[in-house]
Amino acid sequence: MRKRLGRRGLAILRLVATTPFFCGCASNELATEGSPMPEKQVTAYIQPVTSSSAYDTPPRFLRGYAPFFPTREATTHHWGYAVVEFNVTADGRTSDVRPILATAYSFAEKAVLAVQNWQFAPARKNGQPVVVRMRLPFTFRS
(Lines give C-alpha, C1' and ligand atoms only; values in the text may rest on other atoms or scores of the structure.)
Protein backbone atom coordinates (compact mmCIF):
# COMPACT_ATOMS: atom_id res chain seq x y z
CA MET A 1 0.00 0.00 0.00
CA ARG A 2 2.87 2.38 0.69
CA LYS A 3 4.03 2.18 -2.89
CA ARG A 4 0.56 2.96 -4.22
CA LEU A 5 0.02 6.02 -2.04
CA GLY A 6 3.47 7.52 -2.32
CA ARG A 7 4.80 10.24 -0.05
CA ARG A 8 1.94 12.65 -0.77
CA GLY A 9 -0.70 10.06 0.10
CA LEU A 10 1.06 9.05 3.30
CA ALA A 11 1.39 12.69 4.35
CA ILE A 12 -2.33 13.18 3.79
CA LEU A 13 -3.13 10.04 5.77
CA ARG A 14 -1.03 11.35 8.68
CA LEU A 15 -2.88 14.67 8.51
CA VAL A 16 -6.25 12.95 8.53
CA ALA A 17 -5.26 10.65 11.38
CA THR A 18 -4.35 13.63 13.57
CA THR A 19 -7.35 15.76 12.61
CA PRO A 20 -10.19 16.02 15.14
CA PHE A 21 -13.53 14.70 14.01
CA PHE A 22 -15.42 17.30 11.98
CA CYS A 23 -18.78 15.59 11.67
CA GLY A 24 -21.01 13.66 14.02
CA CYS A 25 -19.47 15.16 17.17
CA ALA A 26 -21.28 16.31 20.26
CA SER A 27 -18.77 19.05 21.08
CA ASN A 28 -19.94 22.65 20.71
CA GLU A 29 -16.54 23.64 19.32
CA LEU A 30 -16.65 21.15 16.44
CA ALA A 31 -19.09 21.11 13.57
CA THR A 32 -21.95 18.67 13.43
CA GLU A 33 -23.55 17.63 10.17
CA GLY A 34 -25.48 20.37 8.44
CA SER A 35 -24.54 23.02 11.00
CA PRO A 36 -22.42 26.10 10.30
CA MET A 37 -18.72 25.33 10.27
CA PRO A 38 -16.81 27.14 13.04
CA GLU A 39 -14.26 29.51 11.49
CA LYS A 40 -11.60 28.46 14.02
CA GLN A 41 -12.00 24.82 13.06
CA VAL A 42 -11.63 25.48 9.33
CA THR A 43 -8.70 27.84 9.91
CA ALA A 44 -6.89 25.25 12.02
CA TYR A 45 -6.90 22.54 9.33
CA ILE A 46 -7.13 24.20 5.94
CA GLN A 47 -3.85 24.24 4.03
CA PRO A 48 -2.88 26.22 0.94
CA VAL A 49 -1.65 24.10 -1.97
CA THR A 50 -0.66 27.16 -3.98
CA SER A 51 2.81 28.50 -3.23
CA SER A 52 2.79 31.30 -0.66
CA SER A 53 4.66 33.51 -3.14
CA ALA A 54 1.45 33.68 -5.22
CA TYR A 55 -0.38 35.71 -2.55
CA ASP A 56 0.30 38.17 0.26
CA THR A 57 -2.70 37.24 2.41
CA PRO A 58 -4.36 33.81 2.30
CA PRO A 59 -8.09 33.32 1.86
CA ARG A 60 -10.20 33.51 5.02
CA PHE A 61 -13.21 31.29 5.64
CA LEU A 62 -16.42 33.31 6.06
CA ARG A 63 -19.30 30.83 6.08
CA GLY A 64 -20.40 27.39 5.07
CA TYR A 65 -22.06 24.29 6.45
CA ALA A 66 -20.55 21.02 7.59
CA PRO A 67 -21.15 18.02 5.35
CA PHE A 68 -23.89 15.56 6.18
CA PHE A 69 -22.93 12.06 7.25
CA PRO A 70 -23.67 9.65 4.36
CA THR A 71 -26.88 7.71 5.02
CA ARG A 72 -25.47 4.39 3.87
CA GLU A 73 -22.43 4.69 6.12
CA ALA A 74 -24.57 5.80 9.07
CA THR A 75 -26.73 2.68 8.87
CA THR A 76 -23.62 0.49 8.96
CA HIS A 77 -21.94 2.63 11.66
CA HIS A 78 -18.83 3.18 9.55
CA TRP A 79 -16.55 6.13 10.09
CA GLY A 80 -14.27 7.61 7.50
CA TYR A 81 -12.54 10.61 6.08
CA ALA A 82 -12.21 12.63 2.93
CA VAL A 83 -9.63 15.16 1.84
CA VAL A 84 -10.75 17.72 -0.72
CA GLU A 85 -8.88 20.30 -2.74
CA PHE A 86 -10.55 23.38 -4.18
CA ASN A 87 -9.87 26.82 -5.58
CA VAL A 88 -10.91 29.93 -3.73
CA THR A 89 -11.70 32.31 -6.58
CA ALA A 90 -11.17 36.06 -6.74
CA ASP A 91 -14.80 36.60 -5.70
CA GLY A 92 -14.45 34.30 -2.65
CA ARG A 93 -16.40 31.33 -4.01
CA THR A 94 -15.09 27.81 -4.34
CA SER A 95 -14.50 26.12 -7.69
CA ASP A 96 -12.94 22.94 -9.03
CA VAL A 97 -13.73 21.06 -5.81
CA ARG A 98 -12.19 17.59 -6.01
CA PRO A 99 -11.69 14.76 -3.57
CA ILE A 100 -8.08 13.62 -3.43
CA LEU A 101 -8.38 10.91 -0.80
CA ALA A 102 -11.29 9.20 0.94
CA THR A 103 -12.15 5.97 2.72
CA ALA A 104 -15.35 5.69 0.68
CA TYR A 105 -16.88 7.53 -2.25
CA SER A 106 -19.87 8.58 -0.13
CA PHE A 107 -17.61 10.51 2.29
CA ALA A 108 -15.87 12.27 -0.59
CA GLU A 109 -19.21 13.10 -2.20
CA LYS A 110 -20.62 14.70 0.96
CA ALA A 111 -17.44 16.73 1.58
CA VAL A 112 -17.42 18.01 -2.01
CA LEU A 113 -21.11 18.95 -1.87
CA ALA A 114 -20.57 20.94 1.32
CA VAL A 115 -17.47 22.84 0.16
CA GLN A 116 -19.12 23.82 -3.14
CA ASN A 117 -21.30 26.29 -1.22
CA TRP A 118 -18.70 27.80 1.09
CA GLN A 119 -17.75 31.48 1.01
CA PHE A 120 -14.29 32.95 1.65
CA ALA A 121 -12.64 36.34 1.71
CA PRO A 122 -10.30 35.87 -1.27
CA ALA A 123 -6.52 35.71 -1.10
CA ARG A 124 -4.77 38.90 -2.14
CA LYS A 125 -1.55 39.75 -3.94
CA ASN A 126 -0.58 43.43 -4.04
CA GLY A 127 -4.10 44.31 -2.89
CA GLN A 128 -5.78 42.45 -5.75
CA PRO A 129 -7.82 39.24 -5.24
CA VAL A 130 -6.16 36.10 -6.62
CA VAL A 131 -7.14 32.46 -7.01
CA VAL A 132 -5.58 30.07 -4.47
CA ARG A 133 -5.84 26.26 -4.29
CA MET A 134 -6.63 24.90 -0.82
CA ARG A 135 -6.80 21.46 0.83
CA LEU A 136 -9.03 20.47 3.75
CA PRO A 137 -9.54 17.12 5.53
CA PHE A 138 -12.90 15.99 6.89
CA THR A 139 -13.38 13.16 9.34
CA PHE A 140 -16.81 11.59 9.66
CA ARG A 141 -17.81 9.66 12.78
CA SER A 142 -21.23 8.36 13.71
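Residue indices begin at 1 and follow the sequence shown.
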Does a sphere of radius 6.0 Å around CZ in Arg93 hold more than 12 heavy atoms from other residues, nucleotides or ligands, not counting ones at 6.0 Å or beyond? no
I need the Tyr105 OH to Lys110 NZ distance, nearest 0.5 Å. 10.5 Å
Say whether Thr89 and Asn87, considering side chains only, have a donor N or O and an acceptor N or O under 3.5 Å apart. no
How close do Ala108 and Ala102 get, heavy atom to heavy atom, and via which atoms? CB-CB, 3.7 Å
Measure across Ala111 and Ala82 and return the closest heavy-atom pair with its distance rounded to 0.1 Å. CB-CB, 4.1 Å
Following the transitive rule for hydrophobic clusters with a side-chain heavy-atom cut-off under 4.5 Å over Ile, Leu, Val, Met, Phe, Trp and Tyr, establish whether Val112 and Ile46 coincide in one cluster. yes
Do the charged groups of Arg98 and Glu85 touch, with an N to O distance under 4.0 Å? no
Hey, does the side chain of Gln41 reach the backbone of Ala31 with a donor-acceptor pair shorter than 3.5 angstrom? yes
Mind running side-chain contact (heavy atoms from CB on, under 4.5 Å) on Arg60 and Thr43 for me, showing each step along the way? CA-CA 8 Å; Arg60 185 175 53 84; Thr43 302; 5.7 Å; no
Does Lys125 use its side chain to pair, donor to acceptor, with the backbone of Ser53 at less than 3.5 Å? yes
Report the C-alpha separation of Met134 and Val132 in whole Å, then their side-chain angles, then the decisive distance to 0.1 Å, and conclude whether the side-chain contact (heavy atoms from CB on, under 4.5 Å) test is met. CA-CA 6 Å; Met134 304 298 284; Val132 174; 3.6 Å; yes
Parallel, tilted or perpendicular: ring planes of Phe120 versus Phe61, cut at 30 and 60 degrees: perpendicular
side-chain contact (heavy atoms from CB on, under 4.5 Å) between Arg72 and Ser106, worked out: CA-CA 8 Å; Arg72 179 176 177 225; Ser106 56; 5.7 Å; no
For Arg135 and Val83, run side-chain contact (heavy atoms from CB on, under 4.5 Å): C-alpha distance rounded to whole Å, both residues' side-chain angles, the deciding distance at 0.1 Å, then the answer. CA-CA 7 Å; Arg135 178 181 297 147; Val83 180; 3.6 Å; yes
Would Phe138 and Tyr45 count as a close aromatic pair, with their ring centres under 6.0 Å? no
Value for CG (Asn117) from CZ (Arg63), rounded to nearest 0.5 Å, stands at 11.5 Å
Gln119 side chain to Leu62 main-chain N or O, any donor-acceptor pair under 3.5 Å? no
Is any side-chain heavy atom of Ser95 less than 4.5 Å from a side-chain heavy atom of Phe86? no
Donor-acceptor pair, distance only, cut-off 3.5 Å: does the side chain of Trp118 make one with the backbone of Tyr65? yes
Check whether any side-chain heavy atom of Tyr55 sits under 4.5 Å from a side-chain heavy atom of Pro48, and report yes or no. yes
Does the Thr139 side chain pair with the main chain of Tyr81, one donor and one acceptor, at a distance under 3.5 Å? no
For Asp56 versus Asn126, what's the shortest heavy-atom pair and its separation? OD2-N, 2.6 Å
Check: Thr94 side chain, Val88 main-chain N or O, donor-acceptor pair, under 3.5 Å: no
A side-chain contact here means heavy atoms from C-beta on lying under 4.5 Å apart; do Pro99 and Phe107 qualify? no
